[in-house]
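All remarks here apply to the structure that follows.
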Amino acid sequence: MGAKYEVRGNIAVVTLDNPPVNGLGYDTRREFAAGIEKAEGDAAIAAIVITGAGKAFSGGADIREFGSPKAVAEPNLLTLIRQLDNCTKPVVAAVHTVCMGGGLELALGAHYRVAAPGTNVALPEVKIGLIPGAGGTQRLPRVLGVETALNMIVSGEPVKSELLASLPGQKLFDQVVTGDLLEGACAYAAAKGAEHAGGAKPLPTGAGGMGKPLPRVRDMKVSHPNADAYLQFARNMVKGMARNFPAPPKCVDAVEASLKMPFDAGMLAEREIFLALMLTPECKALRHAFFAERAASKIPDVPEETTQRKVEKLAVIGAGTMGGGITMNFLNAGIPVTMLEMKQEALDRGLATIRKNYEAQVKKGKLKQDKLEQRMSLLSTTLSYDDIKGADMVIEAVFEDMGVKEKVFRTLDEVMKPGAILATNTSTLDVDRIASFTKRAQDVIGTHFFSPANVMKLLEVVRGKATAKDVLATVMALAKKIRKTAVVSGVCDGFIGNRMIEQYSRQAGFLLEEGCTPQQVDKAIEKWGMAMGPFRMGDLAGNDIGWAIRKRRYVEKPHMRYSKTADLLCELGRYGQKTSAGWYDYQPGKRDAIPSPVVNEMLEKHRAELGITPRKIGDEEIVHRLVYALVNEGAKIVEEGIASKASDLDVVYLTGYGFPLHRGGPMCYADTVGMFNVVQAMKKFAANPRDDAEFWKPAPLLARLAAEGKSFS
Ligand code: NAD
């Protein structure tokens, strides 16, 4: 796989050919360079068309080579672009479908560009914490003007080719080809070949060629009528948006270089910025998150080519909070669902909630009315198992009670057709036990959606000890279809996310006992980047949910010390936003968390009963105790094989728990801080008499990595 060479009349066509998106990997670059050289050396060739095979012109760098020596081996992308720049025959880039990142930078090296309508054009490097590094920041302003180019570079978002081609004065596209792109491009190239005939040399060293000089983007002028004022304005705007990320303001610096420096100096400035960004922890975190998400779908012992079961018809048991949200995901993906309940009222309520959610989307302009009706038409309801027995998959979302789940799964085992996938949405119960209620444990799996299930991206796919590989492969593929980020977890209490959060919550409770207020803890961790601190989160989710879980959990684990503060809060009936009182006070209909004198008094009383003299605790200690609690439990999860890799835990936290993206997830953060430092901090916490020395015993994996100077990655 690399690049293809063919001749059409007197036109050479060099086609990038590296599925799925013609990433500019080493072999592709090498064969592309050879193709251009061959065309240039062939006297019968008048002009060259470069294009991409299949579903893209090019999506840019080949991410499979990221970080490897191959990624930068010669000929690198800059060399290819220079080769096009200096080519003595006209080069026409024929772009279609996807023209992004290095792909767009390559096209900008051509003398002319023609585009199919609908092409997604973008420089998305900012999304992984970088700026374009092969001239994108210097060439795009020259063809689109400073403002449009900067918008595209700072946002990283794709813009359609026809829209760009319609901008007044633009020089990005010379033509939009509505018919056959290659035919159109070859015809255009033939005309340009004739125009520049006679061995044209590119500008400005036009000497030597007899034909019309070839236009090069690098030689184009770029200007702005109020450059300094505009750049200042852009900097202010970007600073507000960029928050914790260094790359967006650097995009402005790089584009400024295109305006104020000669081309080659601008290229050097771009390179310097690119290399400096590459080393920032934020860029590392973003790249980590990007690759971790892709890696999450790869399961070591389930090959990608594993045959999948067909899932064309779905059933959902329980039309409550989760059942309704889960159902919406499938309706959105065009998969018909039958919801089953015990009572008609429950069905009516569930149905009405789904419709109401869709209507809210219509009101916001996010969904068309006809789409709403189309989705609702895929939904049917029933009180009888007879109506769901033909479903290819059923997801159970009934009460969190083993007795209720047992009844449901025994019935499913009796009625469902052979081979149907039986999934449970349980958040705390043992999936293997649930599977044991059937005679087909191989077909049983956990699909742990997060609330609200129609919104949250994360899906924990719980693999039971008997779950068949094809069932796992099918559910992972289905997750993609309904646009979820799926992470596989083994069976354990709380799976990955909630098992880790339990330790985080325990630390949050200890911090209160030792002297913190809820607002102090929330503020510290939110300033660090978490979307919401543990106490605001508790108030939003309902403190009674954790209360019920603790009643069960700590009976089963009496050795595990935890702070009783959250129980005391619930005993006061302070369940959170739903009761207008929790860790904070709430005014009716509002969500602003107001510090509560009642809670402060409750905490003071509790400390006095425990004989604790409160101490002042700094933000850094708060943050590290909360985050390292996640890290230590995470290390146990990895070591036990509940997760197949540490990066899966990061994906869970980034997509399901509001963990700050610029920190890359808890395990990535530990790697950034260094395992030695994490363990040192844990030793310090263990020495605190109010804290729990047992709690801070480093997980064996963590201790080993620290001793060996290694990291999770
Ligand atoms: P819910 O109380 O809102 O809904 C449960 C529904 O199941 C009710 O409508 C009830 O009538 C119905 N039901 C009960 N027994 C039934 C039976 N035998 N047959 C058919 N229908 C039956 O509960 P929920 O919050 O939607 O939770 C459902 C499941 O999802 C639980 O296992 C829960 O642990 C899990 N879960 C909940 C959340 C959450 O945040 N709510 C998140 C993840 C997972």
Side-chain angles (χ1 to χ4, degrees), residues 63 124 127-129 156 243-245 282 284-299 322 325-326 328-330 332-333 395 423 425 427 445-463 472 475-490 494-505 525-526 528-534 536-537 540-541 626-627 630-631 633-634 637-638 642-672 712-713:
I63 60 169
K127 295 192 172 178
I128 50 168
R243 298 216 333 252
N244 298 308
F245 295 99
E282 292 83 1
K284 284 187 190 160
L286 282 170
R287 273 183 293 153
H288 171 79
F290 178 84
F291 288 110
E293 188 158 340
R294 273 151 191 79
S297 60
K298 299 192 171 43
I299 311 161
M322 295 306 287
I326 292 169
M328 287 177 75
N329 289 304
F330 291 92
N332 298 350
I395 301 179
N425 187 49
S427 32
I445 193 165
T447 47
H448 184 216
F449 286 84
F450 285 69
S451 183
N454 54 320
V455 178
M456 293 292 287
K457 290 247 350 140
L458 177 62
L459 174 66
E460 281 182 330
V461 174
V462 186
R463 179 180 192 174
L472 193 57
V475 172
M476 293 302 280
L478 197 59
K480 226 176 241 171
K481 215 181 233 172
I482 61 169
R483 296 161 166 261
K484 297 288 172 196
T485 303
V487 176
V488 178
S489 169
F495 313 129
I496 294 173
N498 286 342
R499 174 168 159 185
M500 287 165 72
I501 211 79
E502 185 194 350
Q503 305 310 325
Y504 172 94
S505 304
I525 195 80
E526 286 168 14
W528 184 79
M530 286 294 277
M532 215 183 252
R536 285 212 300 138
M537 191 69 208
L540 179 70
L626 294 176
V627 178
L630 294 176
V631 172
E633 194 64 26
I637 288 174
V638 174
I642 295 293
S644 63
K645 48 201 169 302
S647 64
D648 282 356
L649 281 47
D650 290 330
V651 176
V652 166
Y653 268 76
L654 292 172
T655 52
Y657 290 81
F659 202 92
L661 184 58
H662 70 283
R663 310 271 187 198
M667 312 314 270
C668 173
Y669 179 68
D671 278 352
T672 307
F712 287 118
S713 61

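Because only heavy atoms are used, hydrogens play no part in the values below, and waters and symmetry mates are left out as well, while side chains stay in.
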Margin query: Using every non-hydrogen atom in the two residues, find where E526 and A531 come nearest and quote the distance to one decimal.
Written below: CG-O, 4.3 Å

Check: Between CD of Q503 and CG of L626, what distance do you get to the nearest 0.5 Å?
Finding: 12.0 Å

Checklist line | Partners meeting salt bridge (Lys or Arg N to Asp or Glu O under 4.0 Å) with E502 (sequence neighbours left out) | finding: R553, K557

Checklist line | Distance (rounded to the nearest 0.5 Å) between R463 CZ and I642 CD1 | finding: 11.5 Å

Margin query: Determine whether a donor-acceptor pair (N or O, by modelled atom type, separation under 3.5 Å) exists between the side chain of S297 and the backbone of E293.
Written below: no

Check: Heavy-atom distance under 4.5 Å between the side chains of E282 and N244, does that happen here?
Finding: no

Check: Looking at residues at least two apart in the chain, or sitting in another chain, which of them share a salt bridge (Lys or Arg N to Asp or Glu O under 4.0 Å) with K284?
Finding: none

Item checked: Heavy-atom donor-acceptor pair, R663 side chain to T672 backbone, under 3.5 Å -> no

Check: Would you say K484's side chain and L478's backbone share a donor-acceptor pair under 3.5 angstrom?
Finding: no

Notebook entry, point to check: Taking C-beta and beyond as the side chain, do N332 and I482 meet within less than 4.5 Å on heavy atoms?
Noted result: no

Next item on the list: Considering non-hydrogen atoms only, spot the tightest contact between Y657 and G497 and give its length.
Entry: OH-C, 3.0 Å

Notebook entry, point to check: Looking only at heavy atoms, which two atoms of S451 and M322 are closest? And how far apart?
Noted result: CB-SD, 3.8 Å

Notebook entry, point to check: Are H448 and F450 close enough that their ring centers fall under 6.0 Å?
Noted result: yes

Check: Can you find a pair of side-chain heavy atoms, one from R536 and one from L540, that are under 4.5 Å apart?
Finding: no

Notebook entry, point to check: What heavy-atom pair brings P666 and V631 nearest, and what distance separates the two atoms?
Noted result: O-CG2, 3.5 Å

Check: Say you draw a straight line from CE of M456 to OG1 of T655; how long is it, rounded to the nearest 0.5 Å?
Finding: 7.5 Å

Checklist line | Shortest non-hydrogen contact between G665 and F659, atoms and distance | finding: C-CE2, 3.3 Å

Next item on the list: Report the distance from atom CG of L661 to atom CZ of R243, rounding to the nearest 0.5 Å.
Entry: 10.0 Å

Next item on the list: Decide if atom NZ of K298 counts as having more than 12 heavy atoms of other residues, nucleotides or ligands within a radius under 6.0 Å.
Entry: yes

Margin query: Does any part of the side chain of M500, heavy atoms only, come nearer than 4.5 Å to the side chain of Y653, both counted from C-beta?
Written below: yes

Next item on the list: Would you give the length of the straight line joining atom OG of S489 to atom CD of E460, rounded to the nearest 0.5 angstrom?
Entry: 5.5 Å

Margin query: With side-chain contact (heavy atoms from CB on, under 4.5 Å) as the test, pick out the partner of V488 among V462, I299, I496.
Written below: I299

Note to self: Run M530 and Y504 through side-chain contact (heavy atoms from CB on, under 4.5 Å) and show every step you take.
What the structure shows: CA-CA 13 Å; M530 286 294 277; Y504 172 94; 3.7 Å; yes

Item checked: From CA spacing to verdict: side-chain contact (heavy atoms from CB on, under 4.5 Å), I63, R294 -> CA-CA 11 Å; I63 60 169; R294 273 151 191 79; 3.8 Å; yes

Checklist line | Shortest non-hydrogen contact from V487 toward A296 | finding: CG2-CB, 4.2 Å

Next item on the list: Could you check if a side-chain atom of Y669 sits within less than 4.5 angstrom of a side-chain atom of L630, using non-hydrogen atoms only?
Entry: no

Note to self: The test is side-chain contact (heavy atoms from CB on, under 4.5 Å); show your working for F712 and L649 and say whether it passes.
What the structure shows: CA-CA 11 Å; F712 287 118; L649 281 47; over 6 Å; no

Notebook entry, point to check: Going by the salt bridge (charged side-chain N to carboxylate O under 4.0 Å, His left out) test, which pairs reach into residues 642-651, not counting sequence neighbours?
Noted result: K645-D648

Notebook entry, point to check: When rounded to the nearest 0.5 angstrom, what is the spacing between CD1 in I326 and OG1 in T447?
Noted result: 6.0 Å

Margin query: Between I501 and N498, is there a side-chain heavy-atom distance shorter than 4.5 Å?
Written below: yes

Checklist line | Heavy-atom check, side chain of M667 versus side chain of S647, under 4.5 Å | finding: no

Check: Are the side chain of N425 and the backbone N or O of I395 linked by a donor-acceptor pair below 3.5 Å?
Finding: no

Next item on the list: Could you check if a side-chain atom of F495 sits within less than 4.5 angstrom of a side-chain atom of V652, using non-hydrogen atoms only?
Entry: no

